Peer 1: 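The structure is given below, and queries will be raised subsequently.
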Number of protein chains: 2
Amino acid sequence: MWQLYQFPLCPFSRKVRLLLGEKGIGYELVRESPWDRRDEFMDMNPAGETPVMVDASRPGAPLIDSMAICEYFEETVDKAATINGTAANRAEIRRLVSWFDTHFYRDVTGPLLHERVVKRLAHRAAPDAKGLREAMKAAVSHLDYTDYLLDHRNWLGGATLSLADLAAAAQISVADYLGGIDWKGHDQTARWYRGFKSRPSFRPLLSERMEMIGPPAHYDNVDF
Amino acid sequence: MWQLYQFPLCPFSRKVRLLLGEKGIGYELVRESPWDRRDEFMDMNPAGETPVMVDASRPGAPLIDSMAICEYFEETVDKAATINGTAANRAEIRRLVSWFDTHFYRDVTGPLLHERVVKRLAHRAAPDAKGLREAMKAAVSHLDYTDYLLDHRNWLGGATLSLADLAAAAQISVADYLGGIDWKGHDQTARWYRGFKSRPSFRPLLSERMEMIGPPAHYDNVDF
């Protein structure tokens, strides 16, 4: 059985969990708070980041880095391919995964996690209002871009559900939990996200809570 | 013919160029300074980053994001596979590519480029000595890690040359150009890098210069 080292609001672990859910791969959760830099975890992954996946029944090193993990399960499990189509389609899906993992995370999810989670749990400090405001402002531009993509396509990466959608839903759901998303004026993205919230792969994530930090009322409501 | 939008010290464009060189794929360079945020370039890639690849003879969107570009050429050109071996081997190669693209870049190459290139060319400002010192200190830890890997393996990603080596050489070469690498005490990595400098895919990169900013004397010397 695979074990997944993660914490409930890790957007990269959420992307992996959505993929595992879509593919029907079983796993158990191991709670890891990367900001504690626990020795055994640092030995497993020198980058000190979640997600990490281990299967005691398989020889070899743990799986590390969310995109490397997703590519691994794309290569080894045929069911529910999420990097699909022509080589050009696949390049577009990977471009968007990188967009959400790098840019959305840098501008929105990363600052929100730092201000509202890491500062509170690791340093017992209050968030900085300016940092929160800037992240929320960046979220508006990012949802303008997803609105634009969804004006032209059924799903973010093209005609079918892909890893681009999973990466986006993972980041957006963490930002939404932390009160960083203003849904007003983002009808296309809200419609896409409502559909996503009903998927069996997504329901377990929405029901989890981070200690001491609660989500807004609309967070797990499918008809928000 | 493929066109590659880049500037001489973009480490992500260097990774792609090393891959194209190993695979024998022809391309022409288009100079782009992403810090200028040129309108036509922002329209092509909303992330505003190099590398971007375009082939006027092929329909469809440009190729964007260095890892998406590398995966594209891995999928479409069999020659000189650089993500090879079992699924577990491939996961390890992708983990290391992400390590260099994300961590080495964040700690070393990114700060050096910001202090020594972007500040100078875009803002006519002097570098901050503290920022340079921290990047050089981080480079020492990173080369300790590559030394450790090369104590256990012939190449960074395993038994054969892989995209992990190309990603590492791309980042290290830019850091070396900018005076950020102290080679003392890093014999394993220095030996590996010397071998790399002799490869036909690497020679053209080493002979290029960035305007107004020169490399140290040892930079393009194979026997440094």
Side-chain angles (χ1 to χ4, degrees), chain A residues 12 44-49 51-53 55 58-77 83-107 110 141-142 144-146 148-149 152-153 157-158 163-164, chain B residues 12 44-49 51-55 58-77 83 85-107 110 141-142 144-146 148-149 152-153 157-158 163-164:
Chain A
F12 305 103
M44 200 169 1
N45 178 12
E49 289 172 349
V52 169
M53 290 191 74
D55 183 348
R58 284 163 210 254
L63 298 180
I64 290 168
D65 180 76
S66 68
M67 191 57 181
I69 294 173
C70 291
E71 297 273 4
Y72 176 91
F73 287 107
E74 278 293 294
E75 290 181 356
T76 56
V77 179
I83 307 177
N84 34 31
T86 65
N89 296 147
R90 294 160 63 89
E92 173 66 358
I93 291 165
R94 291 190 178 103
R95 170 183 83 85
L96 286 166
V97 173
S98 172
W99 172 273
F100 292 107
D101 284 359
T102 308
H103 293 271
F104 194 101
Y105 179 75
R106 181 196 63 196
D107 301 340
S141 311
H142 273 283
D144 286 346
Y145 186 53
T146 51
Y148 163 83
L149 290 172
H152 296 80
R153 303 168 174 180
L163 192 59
Chain B
F12 304 102
M44 200 166 8
N45 178 14
E49 290 172 348
V52 169
M53 290 191 74
V54 178
D55 184 347
R58 284 164 210 253
L63 298 180
I64 291 169
D65 180 77
S66 69
M67 191 58 180
I69 295 173
C70 290
E71 296 274 4
Y72 177 91
F73 287 106
E74 278 294 295
E75 291 181 356
T76 55
V77 180
I83 307 178
T86 65
N89 295 147
R90 295 160 62 89
E92 174 65 357
I93 291 165
R94 290 191 178 102
R95 170 183 84 86
L96 286 166
V97 173
S98 173
W99 172 274
F100 292 106
D101 285 358
T102 308
H103 293 271
F104 194 100
Y105 179 75
R106 180 197 64 196
D107 302 340
S141 312
H142 273 284
D144 285 347
Y145 186 53
T146 50
Y148 162 82
L149 291 172
H152 296 80
R153 303 167 174 182
L163 192 59

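Labels below follow one simple rule: chain letters A, B, ... track the order of the sequence lines, proteins then strands, and each chain is numbered from 1. Scope of the values below: all heavy atoms of this structure, side chains included, with no hydrogens, waters or symmetry mates. Remember, it's a predicted structure, so these values are computed and weren't measured experimentally.
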Peer 1: Checking Glu49(A) against His103(B) for the side-chain contact (heavy atoms from CB on, under 4.5 Å) test, could you report, in this order, the C-alpha distance in whole Å, the side-chain angles of both residues, the deciding distance, and whether it holds?
Peer 2: CA-CA 11 Å; Glu49(A) 289 172 349; His103(B) 293 271; 3.2 Å; yes
Peer 1: Relative to chain A, which segment of Arg95(B) carries a heavy atom at a distance below 4.5 Å: side chain, backbone, both, or neither?
Peer 2: both
Peer 1: Where does Pro46(B) contact chain A at under 4.5 Å (heavy atoms): side chain, backbone, both or neither?
Peer 2: both
Peer 1: Hey, what do you get for CZ (Arg94(A)) to CD1 (Ile64(B)), rounding to the nearest 0.5 Å?
Peer 2: 15.0 Å
Peer 1: Answer with side chain, backbone, both or neither: which region of Leu63(B) has an atom nearer than 4.5 Å to a non-hydrogen atom of chain A?
Peer 2: side chain
Peer 1: Within a strict 4.5 Å, meaning less than it, do heavy atoms of the Glu75(A) and Arg90(B) side chains meet?
Peer 2: yes
Peer 1: Taking Ala61(B), Ala87(B), Ala91(B) one by one, which has the highest count of heavy-atom pairs under 4.5 Å against chain A?
Peer 2: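 Of the options given, most contacts go to Ala87(B).
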